There are 2 protein chains.
Amino acid sequence: MTQNNAQDVCQTECVHETVVNTIKPKMHSTELLLDLSEIFKILGDHTRVRILHALSLSELCVCDMANLLNMSSSAISHQLRVLRAAKVVKFRKDGKNVFYSLDDHHIFSLINEGLAHVLE
Amino acid sequence: MTQNNAQDVCQTECVHETVVNTIKPKMHSTELLLDLSEIFKILGDHTRVRILHALSLSELCVCDMANLLNMSSSAISHQLRVLRAAKVVKFRKDGKNVFYSLDDHHIFSLINEGLAHVLE
DNA sequence: CTCACGTATGAACATATGTTCAAATGATAT
DNA sequence: ATATCATTTGAACATATGTTCATACGTGAG
């Protein structure tokens, strides 16, 4: 077995056991961190961030967003599907229109926290 | 011109002009929101989130992280490159080892804000 | 019912992304 | 200098992702 795999890479040589052993029990589960990365992945798209930022200012229908972002309704709708699946936005139907709004105050906080970072 | 493009999708029909005109001047620039999405994109990866979470607990060398995450040093190093480019982590060299740590308190806040969301 | 329109969906496409393997650095010790 | 080890890098690969186009769905008006 000459090739490295995840198990035997410098496990006995360079690992600082004291630190690693202290941290290991403090770390959140892999599953939880996977969920965390999924949330960030949802926010990690130019179009979706713009949609969410717009929705943080007001409830909007698909057409309004298409107009605000200067994109096709189809492109907007595809992204709204992703945001719906992630329970980041909610919607109500009114005749032919579907009005979207933010469903989660945490997302609002994340967007604003991120904005503070970028604006600095 | 029969096909839709971004300009002429339901601009005169369904747009709620009052709302849209109120929001438009309040929206951050497309460029700023692009930067914002880039930050979230950095955090939107399973491996990188795990690295950052570990680093939020202690300074670590590549080998420690490979051990903690049960991955190859190469895979870790590739992701650290991304994190370095985004100025999310900083590093110091000590002999053969390279110790990484978080470089940005905003990232720490974002990770924890996100965790609060996921833990709820 | 039929039409128009707002919205949603599916397929296709190009592009981006993460991991692996192999090889190359850079530093320490002998 | 040579060997060894931690880290980095490059190429290749498979997979995921976002947009466009065409089409379908669902509602309200005539």
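The basis for the numbers below is simple: all heavy atoms, side chains too, and nothing from hydrogens, waters or symmetry mates. Just so it is clear, the structure is predicted and the values come from calculations on it, not from any experiment. A, B, ... follow the sequence lines: proteins, then strands. Residue 1 opens every chain.
When the side chain to side chain donor-acceptor pair (under 3.5 Å) test is applied to A/R48, the partners found at least two apart in sequence or on another chain are A/Q79. Every residue was checked against the side-chain contact (heavy atoms from CB on, under 4.5 Å) condition with B/S77, not counting sequence neighbours, and none meets it. With sequence neighbours left out, the side chain to side chain donor-acceptor pair (under 3.5 Å) criterion links A/R84 to A/Y100. Take B/K26 and apply the side-chain contact (heavy atoms from CB on, under 4.5 Å) test, not counting sequence neighbours, and it matches A/L57, B/T22. The side-chain contact (heavy atoms from CB on, under 4.5 Å) search around B/K90 returns B/S101, B/D103, not counting sequence neighbours.
With rounding to whole Å, A/K93 atom NZ is found 11 Å from C/dG6 atom C1'. Rounded to an integer number of Å, the gap from CG of A/N97 to P of D/dA29 is 12 Å. Rounded to an integer number of Å, the gap from B/R48 CZ to C/dT19 C1' is 12 Å. Rounding to whole angstrom units, CG of residue A/L80 and P of C/dG6 are separated by 16 Å. The distance between atom CG of B/L83 and atom P of D/dT7, rounded to the nearest whole Å, is 15 Å. Atom pair A/M71:CE and D/dG18:P shows a separation of 11 Å (rounding to whole Å applied). Taking atom NE2 of residue A/H46 and atom P of nucleotide C/dA16, one finds them 15 Å apart after rounding to whole Å. Atom pair A/M65:CE and C/dT7:P shows a separation of 8 Å (rounding to whole Å applied).
Scanning all heavy atoms of the two residues, the minimum distance from B/V49 to A/S37 falls at CG2-CB, 3.7 Å.
Among the heavy atoms of the strands lying under 4.0 Å from B/Y100 are primed sugar atoms or P, OP1, OP2 only; no base atom is included.
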Output one line per pair: protein atom, nucleotide atom from nucleotides 9-11 of chain D, and distance, for all N/O pairs under 3.5 Å.
from: D/dT9; atom 1: OP2; to: B/R81; atom 2: NE; distance (Å): 3.3
from: D/dT9; atom 1: O4; to: B/S74; atom 2: OG; distance (Å): 2.7
from: D/dG10; atom 1: O6; to: B/H78; atom 2: NE2; distance (Å): 2.7

Enumerate all atom pairs, one protein N or O and one N or O from nucleotides 28-30 of chain C, separated by less than 3.5 Å.
none

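OP1 or OP2 of D/dT19 lies within a sub-4.0 Å distance of a side-chain N or O belonging to A/Q79.
No more than 12 heavy atoms of other residues, nucleotides or ligands sit less than 6.0 Å from atom NZ of B/K87.
Residue pairs meeting the ring pair (Phe, Tyr, Trp, His ring centres under 6.0 Å) criterion with at least one member in residues 38-57 of chain B, sequence neighbours excluded: A/H28-B/H53. Pairs passing the salt bridge (Lys or Arg N to Asp or Glu O under 4.0 Å) check and including a residue from residues 49-59 of chain B, sequence neighbours excluded, read B/E59-B/R92.
The side chain of A/C61 lies closest to C/dT7 when the candidates are C/dT7, D/dA6, D/dT19.
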For residues 108-120 of chain B, please give each side-chain donor-acceptor pair under 3.5 Å, one per line with the distance, not counting sequence neighbours.
from: B/S109; atom 1: OG; to: B/H105; atom 2: O; distance (Å): 3.1
from: B/N112; atom 1: ND2; to: B/F108; atom 2: O; distance (Å): 3.3
from: B/E120; atom 1: OE2; to: A/H106; atom 2: NE2; distance (Å): 3.0

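Listed in residue order, the members of residues 28-45 of chain A having a heavy atom less than 4.0 Å from DNA chain D are A/K41, A/D45.
No side-chain heavy atom of A/D104 sits under 4.5 Å from any side-chain heavy atom of A/V88.
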